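These notes are about the structure you will find just below.
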Amino acid sequence: MKEGNQSVNSQINDIFTFIDAHREEYIKELIDFISIESTASQKNEREKARVFIEKQLQKTGLPSHRLKVNKGNDLLTSEKQGLKQKTVLFYNHYDIVEAGDPTKWASGKPFALTKKGDFLYGRGVSDNKGPLLSRIQAIRAILSVTGTLPVTIKYLFEGDEESGSPSMMDYVENHPALFREACKADICFWENGRRQGDGGPWARYGVRGNCSFDISVKTATKDVHGRMGSIVPSASWRLVWALASLQSPDGKIKIKGFYDNIETPTEYELKILRGFPYNEEFEKEKLGLAHFVNHVSGLELKKQMYFTPTMSICGLESGQMYIKPRGIVPHDAHARLSCYLVANQDPNRIATLLQEHFKKLGFWDIKVDYLDGTFPVKTSMEIPETACLEKAALLAYNKPLIKEITQLGAGPAIALRRVIPDLKIIGIGPGNTNSNHHSPNENLKVDDYIRSMKFIVAFLYEYSNQPLKEDDLH
């Protein structure tokens with residue numbers, strides 16, 4: 001081993017030791033962060049979250065800047081120069097979804113971080129406050145031990161990702177040059193990643209897109225008695241017929257043009273899928289399933305999961321059955337529809353195709369309200385940074401890196417690609433495959449939280465040692 005490498009490895013080990021020695025301090029800070037109820041309905045709490053983050057950056061010795069958004073949530077940015085001409089951007093969000101019914105949580109207190117066994121429970125601990133805070137703490141550990149950073153780092157934190165990121169999208173549209181300058185980097189680590197059991201960390205090469213709609217129909221001015229069902233049109237039947245036209249029993253979406261332009265997996269991606277860990281029997285047992293859609297399994301199941309877009313009816317409402325049984329003909333009916341999109345699909349085009357579909361079939365009375373949409377973003381796995389991630393995984397976890405085709409959930413990564421078209425976007429972080437995002441008992445494993453910090457440290461040093469190409473200079 002060369003002397004230089006010995007010195008770098010010694011630094012990494014010293015930083016790892018520092019992280020282990022301060023783990024209780026890190027968890028205490030996370031407890032304080034989780035106690036802030038920064039949901040969409042709590043404007044003052046979101047401001048508390050921003051102030052908390054600014055104090056954490058200040059404690060780390062980093063500057064903080066606010067990108068002001070009129071009638072929205074400010075973006076927070078920060079930057080610290082490193083020794084090498086490479087830049088890593090960390091994206092996270094400080095808003096969280098509502099906690100829901102507290103009685104569904106084991107602790108009964110979703111915003112009081114609770115430790116049970118090896119796990120931490122609390123709303124936002126995985127999505128996305130834990131990953132956000134751990135990335136500041138990781139940089140603090142490096143600076144505390146060495147006083148310098150191996151490469152330049154940047155942060156971008158937004159406050160309404162769970163609501164479709166309107167503030168960030170507004171800022172990108174109105175201040176593209178400023179946004180580009182704040183976020184310009186060689187690689188971006190997206191909001192979170194995961195770990196399965198005691199395996200290695202996952203790296204997720206991109207983010208899926210999505211679009212959602214409210215579908216409604218009104219057939220009369222009021223409900224009538226069920227005895228009139230032979231002559232008064234039923235809104236509930238009308239909506240059911242319209243929805244049934246969208247998808248066949250085999251799961252195929254019947255909207256003309258819906259599957260246009262979708263990429264087929266490359267040979268390298270198929271190789272990755274073959275080796276990708278997915279315990280089918282465990283997942284079926286956990287969900288109480290006899291089989292997956294179309295009885296797929298093995299490679300075909302993984303291909304369907306990562307390369308096939310989805311359309312789901314997320315909810316139906318008509319007749320107010322939740323009040324009491326009623327023998328009526330409902331005069332109005334509503335449904336929420338959502339699609340998760342794969343590479344090259346355009347949510348705005350999907351919205352147009354959906355409305356055209358209903359019109360062609362004579363559902364002229366069906367109203368479609370397009371709620372929001374994000375574009376899918378894909379990153380190639382065959383990039384030099386993958387080798388750095390693989391080495392970092394062995395150093396931090398003593399396990400091989402698990403490469404995932406893309407994050408299955410959606411996100412606003414397109415905002416970054418609009419101003420930095422060639423930006424590499426990869427998801428890594430402390431989540432696990434049962435973190436219960438958006439559900440009761442959201443959780444993180446303590447060891448995963450600490451190791452995710454070490455993973456970042458190891459990557460930054462491995463990345464700093466990777467030779468610069470001429471087109472990397474900026």
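As the structure is a computational prediction, the values presented were derived from the model and not from experiment.
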Exercise. Give a yes or no on this: more than 12 heavy atoms of other residues, nucleotides or ligands lie within 6.0 Å of atom CD of E283.
Key: yes

Self-check item: K256 atom NZ, over 12 foreign heavy atoms within 6.0 Å
Solution: no

Quiz prompt | Derivation and outcome, side-chain contact (heavy atoms from CB on, under 4.5 Å), residues V125 and E442 | solution = CA-CA 7 Å; V125 69; E442 182 179 342; 4.0 Å; yes

Exercise. Check side chain to side chain donor-acceptor pair (under 3.5 Å) between N294 and all other residues, then give those that pass, not counting sequence neighbours.
Key: none

Exercise. Evaluate salt bridge (charged side-chain N to carboxylate O under 4.0 Å, His left out) for K154 paired with D186, printing each intermediate quantity in order.
Key: CA-CA 11 Å; K154 291 183 177 183; D186 300 291; over 6 Å; no

Exercise. Return yes if a side-chain donor-acceptor contact under 3.5 Å exists between Y94 and R50, otherwise no.
Key: yes

Quiz item: Side chains of E98 and S41: is there a donor and an acceptor less than 3.5 Å apart?
Solution: yes

Practice problem: Could you go through the side-chain contact (heavy atoms from CB on, under 4.5 Å) check for R418 and M169 one step at a time? | Solution: CA-CA 10 Å; R418 282 177 178 163; M169 294 302 184; 4.0 Å; yes

Quiz item: Do you know which two heavy atoms are closest between S167 and N73, and how far apart they sit?
Solution: OG-N, 2.8 Å

Quiz item: So R66 and E54, salt bridge (charged side-chain N to carboxylate O under 4.0 Å, His left out) or not? Walk me through it.
Solution: CA-CA 9 Å; R66 290 199 183 200; E54 288 169 333; 2.7 Å; yes

Exercise. For the residue pair F18 and H22, categorise the inter-ring angle as parallel (less than 30°), tilted (30 to 60°) or perpendicular (more than 60°).
Key: parallel

Self-check item: Crowding at CD, E181 (>12 non-hydrogen neighbours, <6.0 Å)
Solution: no

Quiz prompt | Check against side-chain contact (heavy atoms from CB on, under 4.5 Å), I53 and S64 | solution = CA-CA 9 Å; I53 293 168; S64 64; over 6 Å; no

Quiz item: Within the side chain of R195, is there an N or O that forms a donor-acceptor pair under 3.5 Å with the backbone of G199?
Solution: yes

Exercise. Indicate yes or no: does R204 engage E191 in a salt bridge with an N to O separation below 4.0 Å.
Key: no

Quiz item: Mind checking what makes side chain to side chain donor-acceptor pair (under 3.5 Å) contact with Y370, not counting sequence neighbours?
Solution: N348

Quiz prompt | Heavy-atom closest contact (S165 atom, E158 atom, distance) | solution = OG-OE2, 2.8 Å

Quiz item: Is D198 atom CG crowded by more than 12 heavy atoms from other residues, nucleotides or ligands, each under 6.0 Å away?
Solution: no

Exercise. To the nearest 0.5 Å, tell me how far F33 CZ sits from K48 NZ.
Key: 13.5 Å

Quiz item: Is the Y171 to H175 ring centre distance short of 6.0 Å?
Solution: yes

Practice problem: Write down the atom of T406, the atom of V207, and the distance for their closest heavy-atom approach. | Solution: OG1-N, 3.3 Å

Exercise. Fit a plane to each ring of W202 and F276, take the angle between them on a 0 to 90° scale, and name the class: parallel (under 30°), tilted (30 to 60°) or perpendicular (over 60°).
Key: perpendicular

Quiz item: Can you say whether the rings of F459 and F189 are parallel (under 30°), tilted (30 to 60°) or perpendicular (over 60°)?
Solution: perpendicular

Practice problem: Assess whether side-chain contact (heavy atoms from CB on, under 4.5 Å) is satisfied between E390 and E462, documenting all intermediate values. | Solution: CA-CA 10 Å; E390 289 172 334; E462 290 293 340; over 6 Å; no

Practice problem: Tell me yes or no: between the side chains of N174 and D170, is some donor less than 3.5 Å from an acceptor? | Solution: yes

Quiz item: Are the side chain of S35 and the backbone N or O of F111 linked by a donor-acceptor pair below 3.5 Å?
Solution: no

Self-check item: Spatial distance of atom OG1 (T77) from atom CG (L89) [nearest 0.5 Å]
Solution: 10.0 Å

Quiz item: Just by distance, with hydrogens left out, do S38 and D95 show a side-chain donor and acceptor under 3.5 Å apart?
Solution: no

Exercise. Considering non-hydrogen atoms only, spot the tightest contact between I253 and T310 and give its length.
Key: CD1-C, 4.1 Å

Quiz item: Is the cationic atom of K86 (NZ for Lys, CZ for Arg) positioned less than 6.0 Å from the six-membered ring centroid of Y463 and within 45 degrees of its normal?
Solution: yes

Quiz prompt | Over all atoms of both residues, closest heavy-atom pair of A141 and I19 | solution = CB-CG1, 3.7 Å

Practice problem: Check whether more than 12 heavy atoms from other residues, nucleotides or ligands sit under 6.0 Å from atom NZ of K286, and answer yes or no. | Solution: yes

Self-check item: Residues R123 and E37 bridged, charged N to O under 4.0 Å
Solution: no

Exercise. Taking all heavy atoms of F179 and all of A415, pick out the closest pair and write down the distance.
Key: CE2-O, 3.7 Å

Quiz item: H295 vs H291 aromatic rings, parallel, tilted or perpendicular, using cut-offs 30° and 60°?
Solution: parallel

Quiz item: Is the NZ atom of K109 crowded by more than 12 outside heavy atoms at less than 6.0 Å?
Solution: no

Quiz item: Do any pairs count as a salt bridge (Lys or Arg N to Asp or Glu O under 4.0 Å) and have a residue in residues 12-31, sequence neighbours left out, and if so which ones?
Solution: D20-K454, E25-K59, E25-R140, K28-D32, E29-K59, E29-R140

Quiz item: If you draw a 6.0 Å radius around NZ in K284, do more than 12 non-hydrogen atoms from other residues or ligands fall strictly inside?
Solution: yes

Quiz item: Roughly how far apart are L444 CG and L113 CG, rounded to 0.5 Å?
Solution: 8.5 Å

Quiz item: With a 6.0 Å cut-off on ring centres, are Y26 and Y449 close enough?
Solution: no

Self-check item: Polar contact flag, side-chain donor to acceptor under 3.5 angstrom, Y306-E404
Solution: yes

Quiz item: Crowded around K104 NZ? As in, over 12 foreign heavy atoms under 6.0 Å?
Solution: no

Practice problem: Salt-bridge test for D160 and R46: reply yes if a basic N is under 4.0 Å from a carboxylate O, no otherwise. | Solution: no

